[in-house]
Novice: 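Here's a structure for you.
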There are 2 protein chains.
Amino acid sequence: MTREEKRFQEKIKAIQDTMFVLGGKWKLPIILSIYGGNKRFNDISNAIPKITNRVLSKELKHLEENLLIKRTVIDDYPVRIEYTVTDYAFGLEEVIKPMESWGKKHRKRISDASR
Amino acid sequence: MTREEKRFQEKIKAIQDTMFVLGGKWKLPIILSIYGGNKRFNDISNAIPKITNRVLSKELKHLEENLLIKRTVIDDYPVRIEYTVTDYAFGLEEVIKPMESWGKKHRKRISDASR
DNA sequence: GATACCTGTATCCAAAAGGATACTTGATTT
DNA sequence: AAATCAAGTATCCTTTTGGATACAGGTATC
């Protein structure tokens with residue numbers, strides 16, 4: 001593999017890492033929902049219609065492992081859990097904003113193309 | 001649904017549109033490979049180890065439908081096809097670059113966190 | 001007439017992602 | 001003693017995505 005090919009592979013890998021963190025059907029809705037003030041498991045679940053417990057649970061773990069949200073155990077009764085977005089997650093702004101604006105332009109472009 | 005919730009849904013939809021265009025295992029490697037000079041089906045196929053014909057064919061169609069590459073029939077013998085990236089595809093730079101740099105920072109962050 | 005070249009398709013299969021539904025745990029109120 | 005609540009787990013199933021392999025179809029060379 002040439003040096004050039006290697007840089008190329010690293011570029012792809014970095015982009016795919018980003019997609020791994022944000023990709024799939026639910027990660028963005030969950031992050032934005034917590035950011036919007038929902039802290040508890042059932043609050044988040046209710047705020048996002050149709051997500052199941054199993055999937056929400058898995059995604060919360062994924063987001064926690066990737067340092068985007070924090071899980072805090074509050075030890076009164078019944079034991080409550082609070083999820084909050086981390087400061088680190090705010091760094092995603094720099095990637096989410098371009099994705100949002102490109103996605104909007106693209107949708108328009110594609111629907112224009114079919115007329 | 002409040003106005004706020006609606007804006008929220010549109011934001012998510014736009015981001016997911018971007019992911020739909022770029023997501024999956026092969027789309028980026030294919031775009032970058034064509035951008036890097038591979039024009040013919042078999043060239044692209046050879047440049048990307050392990051991709052199968054079936055998958056390459058499907059992904060090329062997807063990328064063409066999304067206006068990122070152009071398919072040109074060259075009526076020689078045997079009929080050749082050339083794929084090139086479109087000018088429109090260059091607009092992706094604005095979303096790919098942040099994804100790349102965030103992905104790199106994130107990989108470092110995650111590996112530091114586990115020490 | 002067999003063979004090779006090129007750009008795919010066709011068929012079948014495996015793995016990953018996501019969904020439905022019921023259940024757990026353990027203190028507390030009824 | 002039964003019911004309740006929060007935050008998930010457990011089990012099983014469906015859908016989506018990707019992979020393996022063979023082969024088509026038209027021309028041109030051997």
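Proteins come first, then strands; the chains are lettered A, B, ... in the order of their sequence lines, and each starts at number 1.
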Novice: Specify the separation, in whole Å, of atom CZ of R40(B) and atom C1' of dC5(C).
Specialist: 10 Å

Novice: If you look at every heavy atom in E65(B) and I110(A), which pair is closest and at what distance?
Specialist: O-CD1, 3.6 Å

Novice: If I take atom CZ in residue R54(B) and atom C1' in nucleotide dT11(C), what distance separates them, rounded to the nearest angstrom?
Specialist: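 Nearest whole value for this atom pair: 10 Å.
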
Novice: If you write DNA chain C from 5' to 3' in dot-bracket form, with Watson-Crick or G-U pairs under 3.5 Å, [ ] for crossing pairs and | for pairs with another strand, what do you get?
Specialist: ||||||||||||||||||||||||||||||

Novice: Between S33(A) and I44(A) (side chain of the first, backbone of the second, donor and acceptor by atom type, cut-off under 3.5 Å), is there such a pair?
Specialist: no

Novice: Ignoring hydrogens and angles, write down the donor-acceptor pairs under 3.5 Å from the side chains of residues 23-31 of chain A, residues two or more places apart or on other chains.
Specialist:
from   : atom 1 : to     : atom 2 : distance (Å)
K27(A) : NZ     : G23(A) : O      : 2.7

Novice: Within the pair W26(A) and dA17(C), is there a side-chain N or O less than 4.0 Å away from OP1 or OP2?
Specialist: no

Novice: Which parts of residues 55-66 of chain A get close to DNA chain D, meaning a heavy atom less than 4.0 angstrom away?
Specialist: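 Those residues are S57(A), K61(A).
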
Novice: For residues 51-58 of chain A, which side-chain N or O atoms pair as donor and acceptor with protein atoms under 3.5 Å away, sequence neighbours left out?
Specialist:
from   : atom 1 : to     : atom 2 : distance (Å)
T52(A) : OG1    : V55(A) : N      : 3.4

Novice: Cation-pi check, R109(B) to Y88(A): give yes when NZ or CZ is under 6.0 Å from the six-membered ring centre and within 45° of the ring axis, no otherwise.
Specialist: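 Judged by the rule, R109(B) and Y88(A) form a cation-pi pair.
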
Novice: Over all heavy atoms of both residues, which pair between P98(B) and V95(B) is shortest? Give the atoms and the distance, please.
Specialist: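 P98(B) and V95(B) have their closest heavy atoms at CD-O, 3.3 Å.
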
Novice: Mind calculating the distance between CZ (R80(A)) and C1' (dG26(C)) to the nearest angstrom?
Specialist: 17 Å

Novice: Can you check whether Y83(B) reaches I81(B) side chain to side chain, under 4.5 Å on heavy atoms?
Specialist: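 Of all side-chain heavy-atom pairs linking I81(B) with Y83(B), at least one is under 4.5 Å.
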
Novice: Can you measure I74(A) atom CD1 to dA27(C) atom P for me and round it to whole angstrom units?
Specialist: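 In whole Å, dA27(C) P lies 19 Å from I74(A) CD1.
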
Novice: If I take atom CZ in residue F41(B) and atom C1' in nucleotide dT9(C), what distance separates them, rounded to the nearest angstrom?
Specialist: 10 Å

Novice: Under a 3.5 Å distance rule, please check whether E5(A) uses its side chain to pair with a backbone N or O of T2(A) as donor and acceptor.
Specialist: yes

Novice: Could you give all pairs that pass the salt bridge (charged side-chain N to carboxylate O under 4.0 Å, His left out) test and reach residues 6-17 of chain A, with sequence neighbours left out?
Specialist: E4(A)-R7(A), D17(A)-R107(B)

Novice: Answer whether the closest heavy-atom distance between the side chains of F41(A) and L60(A) falls below 4.5 Å.
Specialist: yes

Novice: Earliest and latest nucleotide of DNA chain D, 5' to 3', sitting under 4.0 Å from a non-hydrogen atom of chain B?
Specialist: dG18(D) to dA28(D)

Novice: If you take all heavy atoms of L68(B) and V21(B), which pair is closest and at what distance?
Specialist: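 Minimum heavy-atom separation between L68(B) and V21(B): CD1-CG1, 3.4 Å.
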
Novice: Below 4.0 angstrom from OP1 or OP2 of dG19(C), is there any side-chain N or O of K25(A)?
Specialist: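 Yes, K25(A) has a side-chain N/O under 4.0 Å of OP1/OP2 on dG19(C).
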
Novice: By nearest heavy atom, map I51(A) and D43(B) onto DNA chain C; which one lands nearer the 5' end?
Specialist: D43(B)

